[in-house]
Amino acid sequence: MPSKEKLAKKNAYFAKLVDLCVNTPNALLVSVDNISSKQMQDIRMELRGKAVVLMGKNTMIRKALANGHTEHPEAGLDKLRAIIQGNLGFIFATNCTTDDIREVLGKYKRESAAKAGQNSIVDWFIPSGPTGMDPSQTSFFQALNIGTKIVKGQIELVSDFKILAVGERVTASGAVLLNKLGIRPFEYKMEVRYVFQDAAVFSAAVLDMSEEMLIQKFLAGIANMAAFSREVGIPTEAGLPHAFGNAFRNVAALVADIDFTFKEVEDVKKFLEDPDAYAAANPVAAAAPAAGGGEAKKEEKKAVVEEEEEEDMEFDLFG
């Protein structure tokens, strides 16, 4: 049975988390794996007055979100509860944007040496060339089957060697060799995993989408909607330009061979009556076909030359 002080602290934590989730529904869920206390302290100081950093045990977070969901079912706390797994923490944006928070998180990185037994998070190659190590230390390279040679009293690698691979365990020999070479391959920082905004939870990859990507996807959606509306025969605002264009082509085809005309179809009828005269009067429109014709002629000339060369090469050694 917890004491009164512990119970009061838990209840205060529950109330604080639920209050932030309901009244500040703009937060980042970050992974704090391999984050040092100094990094955490620096980030808290940098975000003071701009955002609230809140950590806690997963069991307490789930309990608080479950209780909050019963009181505020519209706040989306059940979606938050479903993703609480691993070393996750909350950063609530109170007086800044999520981009400002991500910028601060990117400032505080920590380089770390490779340790035997841990899983690698990067692919790492030792480049070929001098290592600065004396010939007495070739055993480290022999243990990993790395090709070496002795040049001017120091060990040189014959070729690049991949010593770390993502997801694979770091070997003891590899860790010792990297330490000998002074290489610290790992870099740790707070990684944004999820975004909680307006009672919805989505992946952090959404934050990396640029305006150009959004515009491109929006235009692609409009094009699909226009094509669908034209196919099923239901008029929509996106399909109206295509409908008018098709209608104009049909009307132009109908009046092409009769004496009836109107302003919009005059240029079409002039072109059909005398294409050469229309091309002479509109050189810009005729420039593209002419260029294409020139390229075709060049290709024909090249083909003829190649055929002549092939004919010249036909000879008989015994003729």
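These figures come from a predicted structure and were not determined experimentally.
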Show, in sequence, the C-alpha distance, side-chain angles and deciding distance for R81 and H69, and conclude whether the side chain to side chain contact (heavy atoms under 4.5 Å, CB included) test is met.
CA-CA 9 Å; R81 187 176 183 275; H69 179 61; over 6 Å; no
Working to the nearest 0.5 Å, report the span between [atom1] of [X] and [atom2] of [Y].
{"X": "F141", "Y": "K149", "atom1": "CZ", "atom2": "NZ", "value": "13.5 Å"}
{"X": "S139", "Y": "L177", "atom1": "OG", "atom2": "CG", "value": "10.0 Å"}
{"X": "T171", "Y": "I163", "atom1": "OG1", "atom2": "CD1", "value": "6.5 Å"}
{"X": "I101", "Y": "L28", "atom1": "CD1", "atom2": "CG", "value": "5.0 Å"}
{"X": "N26", "Y": "C21", "atom1": "CG", "atom2": "SG", "value": "11.5 Å"}
{"X": "E71", "Y": "L77", "atom1": "CD", "atom2": "CG", "value": "9.5 Å"}

Checking [X] side chain against [Y] main chain: does a donor-acceptor pair fall under 3.5 Å?
{"X": "N87", "Y": "S31", "value": "no"}
{"X": "D160", "Y": "S128", "value": "yes"}
{"X": "R184", "Y": "E111", "value": "yes"}
{"X": "N224", "Y": "G221", "value": "no"}
{"X": "Q118", "Y": "K115", "value": "yes"}

Might you point out which heavy atoms bring [X] and [Y] nearest each other, and give the distance in Å?
{"X": "T94", "Y": "K50", "value": "OG1-O, 2.8 Å"}
{"X": "A226", "Y": "A238", "value": "CB-O, 3.5 Å"}
{"X": "A64", "Y": "L17", "value": "CB-CD2, 3.8 Å"}
{"X": "I61", "Y": "G56", "value": "CD1-O, 3.6 Å"}
{"X": "K189", "Y": "I35", "value": "C-CD1, 3.3 Å"}
{"X": "G239", "Y": "S229", "value": "CA-OG, 4.0 Å"}

In this structure, would [X] and [Y] fall into the same cluster of hydrophobic residues linked by side-chain contacts under 4.5 Å?
{"X": "M55", "Y": "F14", "answer": "no"}
{"X": "V104", "Y": "L54", "answer": "no"}
{"X": "L105", "Y": "L88", "answer": "no"}
{"X": "Y13", "Y": "V53", "answer": "no"}
{"X": "L20", "Y": "I83", "answer": "yes"}

Measure the shortest side-chain to side-chain distance between [X] and [Y] over non-hydrogen atoms and say whether it is less than 4.5 angstrom.
{"X": "R110", "Y": "N34", "result": "yes"}
{"X": "V52", "Y": "T24", "result": "no"}
{"X": "K10", "Y": "M60", "result": "yes"}
{"X": "K107", "Y": "I43", "result": "no"}
{"X": "T138", "Y": "I150", "result": "yes"}

Give the intermediate values and the outcome of side chain to side chain contact (heavy atoms under 4.5 Å, CB included) for residues L178 and L164.
CA-CA 10 Å; L178 288 171; L164 297 178; 3.9 Å; yes
Evaluate the criterion side chain to side chain contact (heavy atoms under 4.5 Å, CB included) for residue pair D100 and T97; output intermediate values, then yes/no.
CA-CA 5 Å; D100 296 333; T97 64; 3.1 Å; yes
Return yes when atom [atom1] of [X] has more than 12 non-hydrogen atoms of other residues, nucleotides or ligands closer than 6.0 Å, and no otherwise.
{"X": "E187", "atom1": "CD", "value": "yes"}
{"X": "F202", "atom1": "CZ", "value": "yes"}
{"X": "Q216", "atom1": "CD", "value": "no"}
{"X": "E237", "atom1": "CD", "value": "no"}

Mind telling me whether F186 and Y188 have parallel, tilted or perpendicular rings, with 30° and 60° as the class edges?
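Because their plane-to-plane angle lies in the 30° to 60° range, the rings of Y188 and F186 count as tilted.
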Just by distance, with hydrogens left out, do E46 and Y108 show a side-chain donor and acceptor under 3.5 Å apart?
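On atom types as modelled, these side chains qualify, holding a pair under 3.5 Å.
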ring-ring contact (aromatic ring centres under 6.0 Å, His included) between F196 and Y194: does it pass, once the steps are laid out?
CA-CA 7 Å; F196 176 64; Y194 302 99; over 10 Å; no
